[in-house]
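Since the structure comes first, as C-alpha cells, the remarks are kept for the end.
Reminder, nothing fancy here: chain letters follow the sequence lines and each chain counts from 1.
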2 protein chains.
Amino acid sequence: MKEIVIGIDIGGTNTALGVITRKGDILSETSIATDQYPNAAAFVEELARQIKNQVAMAGYGYKLAAIGIGAPNGNHYNGTVEHAPNLRWDGVVPLSEMIAAHFPIPVALTNDANAAAVGELIFGKGRGKKHFVVITLGTGLGSGFIIDGHVLHGHSGFAGEFGHTNVYPDGRRCTCGKRGCLEAYVSARGLKQTVTELLDASLTDSALRRYRSEELTAKAIYTAASNGDKIAQEAFEYTGSILGRQLADAVAVTSPEAIFLFGGLAQAGDFLLGPTREHFEANLLNVFRGNVALLLSGLNGRNAAILGSAALAWQTLGIQAHHNV
Amino acid sequence: MKEIVIGIDIGGTNTALGVITRKGDILSETSIATDQYPNAAAFVEELARQIKNQVAMAGYGYKLAAIGIGAPNGNHYNGTVEHAPNLRWDGVVPLSEMIAAHFPIPVALTNDANAAAVGELIFGKGRGKKHFVVITLGTGLGSGFIIDGHVLHGHSGFAGEFGHTNVYPDGRRCTCGKRGCLEAYVSARGLKQTVTELLDASLTDSALRRYRSEELTAKAIYTAASNGDKIAQEAFEYTGSILGRQLADAVAVTSPEAIFLFGGLAQAGDFLLGPTREHFEANLLNVFRGNVALLLSGLNGRNAAILGSAALAWQTLGIQAHHNV
C-alpha cells in the first residue's frame, strides 16, 4: 500500500481538499463551501465525508497516512482555530481533535501562511533552504518564516504575523484594530484603498474611475496597469515601496536566504515586484544587500494551498517528501 | 580535573575576559585595551597570553575546555569579525581560527548581543525558556533572538539586527547609513539626541542645559530625570514609546515568551521601562496582549558580557550549564 495524505485549506468562503502523494502529485481534489455550515461540528461532519470520498476516488492501493490543515488563526501547538474573524465558528475550535475523531492518524494544523511556507519548503523553491520567508498576498497579508528548516511558531504558536507590523505610526486603520499595519497597505484590500486615495487626490484620467468602490478588484487594477493606466501603476508602485521597505526589516531580524511572494496579488508580476525589489535593496543593511533573493513562489497556482497543507502532513510523518524532478 | 571555559567580550575600547565554571562562577577576570593594538594579530598575541595567565590564576585542578567570544559584527558560522566599525581591524578577521592556533579546543564566536542572549538562556532569566529576545541598550542597540532554545543566526550569520529596523521613514540618520533606524532613537546616542532636540524646541528650564553636547551622557540624563527634570523625563518617555512600539512588531513576527532589556540604558529603570511597557502593550496584537513579559535582564551587572561568552562556550560543548540555585 502506497501512503498518501490529505491536504486541506480552509478559507472563509471555500475549503479545498485533495489527496496528495509523497512527490506532491494531486490524485484527486474537491472543495466545500465553508460558510454554508452553521458551526464547526457540522462543517467537520461534511469534511470527514469528503475526505473518505476523495481517498476512495484516488483508487486502490493507497493508505491514508496523515491529514494536514491550513486554517486562518490556526494554532499548530494546540491544533485549534482560535477566534477566526472570517469563519462562522465562535471562540477556540479544537479542529485537529474533531477531525482525528474520524480518522485515527496524525492530524497537523497551522495557519494558512505557515502551510504555504511548508509547501514551499517541501514542494517549491525552498527545497534545500534552511532560512526563508513566504509572504502570502491575498485579501490580507500572511507570512510564514522558515528558521533552521522549520516553521517558526514561537511561544504562543502565533508567530509570523508580519502583516501586523507597523509601517506608519497612526496610519491606516487595520482590521485587527491597530493602525498603520503593513496589511492595511499591502494586500488586495490595501491596494484598493490606495487606488481610491490616489483617485481622490488627483484629476488624472483613469479607467479605474469607472468602478464603484465595492466593484474595484485587485485584478481590475492589474488590468488597468497593464493598459498603461497611470493611477493603477502608481498604486502598485506605492504598494511595492512599502512592502520592500518592510521586508528589509524582516531580513534585519531573521536573515533569510530568500523571500517568496505567494498568492493573488503576487500575480501582478513586475508591477509589484519591480518597486518591491527596488525599495527592498535600498533599505537593506550593507551586510545583506545583494544577498537575499526576492522571488515569486514556486507554488503559485490553484493547488498551492492544499499542497502546503499536504506538505505539513508529510512533515508530521517525519518524511522528507520530494517533488518530481 | 574540573572543566572551565574562558568568556571574552570584545569592545571598541576594552576587552574583558574571565575564567568561568559550569555553574557560572567567575574564578578570575581581567581586561586589555582593545584599541592599543595596531591590528588583530597583535591583539590576539596579547589575548592568548592573558588567557594563559587567567587559567593559571584560577588555580590547580582545572582544565580549559572551550573559549567563547562576543564581538561586534561577529559571525557565528565563520568565526569571523567582519568590517566592525568600532575596531581598528580591517576587513574580515578570522578571529576564532587565530585564537584556536594558540589553544587546541573549541572556540565559538558570535556578536555581543547574541552572546548576551545565550548568557540569559544559560545563566539568567531565560533558563527553561525556548523563545525570548534580549535587547542590549548601550551606545547602540543590539538584539539576540532565542528561537526554539537556540540563537537565531539566520542564513548569513547576521540575524538579529533589530536595531536597524525602521521606526520612521526618512527619520534620523543612523551610523549604518540608513535613516530612521530604531538604534538612532533607542540607545545612549539616541537618548542624547532626543534631549538636544527637546531642549532646542522648548524654553523649559532644565539642568541638562548646563552640559555641552559632547559632555552629555545617558547617566546625566538619568540623574536629571531622578531629580524631577521635565526634559529628561520626556526624553525617556519618548525613547520608551518608540522602543515599546517596535518591540510589539518583534513579537508579531517571533512570538517570544519574554523580552529582556540588558545594558547601561536598561539601568534607567522605570523611566524607560514604564513608557516602554505602556506602548508595548498598546501596540500588541490581541492574541499577544498581556502574554509577553517585558523585564530587565537577569545578568545586568559588570560581568554580564563575559558570562554570555562563557555560556556560548559551554553551549558549544553541548553542556547545559546550570547556575547556582
Top contributor to chain B interface from [options] [non-hydrogen pairs under 4.5 Å]:
options: A:Gly157, A:Pro169, A:Cys176; answer: A:Pro169
options: A:Arg245, A:His155, A:Lys129; answer: A:His155
options: A:Asn283, A:Asp148, A:Asn291; answer: A:Asn283

Please classify the contact of [X] with chain B as side chain, backbone, both or neither, using a heavy-atom distance under 4.5 Å.
X: A:Val167; result: backbone
X: A:Tyr168; result: side chain
X: A:Val287; result: side chain
X: A:His153; result: backbone
X: A:Phe145; result: side chain
X: A:Arg179; result: neither
X: A:Asn166; result: both

| message | Surrounding NZ of A:Lys125 (heavy atoms of other residues, nucleotides or ligands, distance under 6.0 Å), is the total greater than 12? | response | yes

| With a cut-off of 6.0 Å (strictly less than), are more than 12 heavy atoms of other residues, nucleotides or ligands near CD of A:Glu197? | yes

| task | Identify which of B:Thr165, B:Asn286, B:Asn73, B:Leu152 forms the greatest number of heavy-atom pairs closer than 4.5 Å to chain A. | result | B:Thr165

| task | Using atom types as modelled and distance alone, determine if a side-chain donor or acceptor of A:Lys178 lies under 3.5 Å from a backbone N or O of B:Leu285. | result | no

| said: Checking the side chain of A:Ser255 only, and the main-chain atoms of B:Ser156 only, is there a donor and an acceptor separated by less than 3.5 Å? | reply: yes

| field | Heavy-atom closest contact (B:Phe158 atom, A:Phe288 atom, distance) | value | O-CZ, 3.4 Å

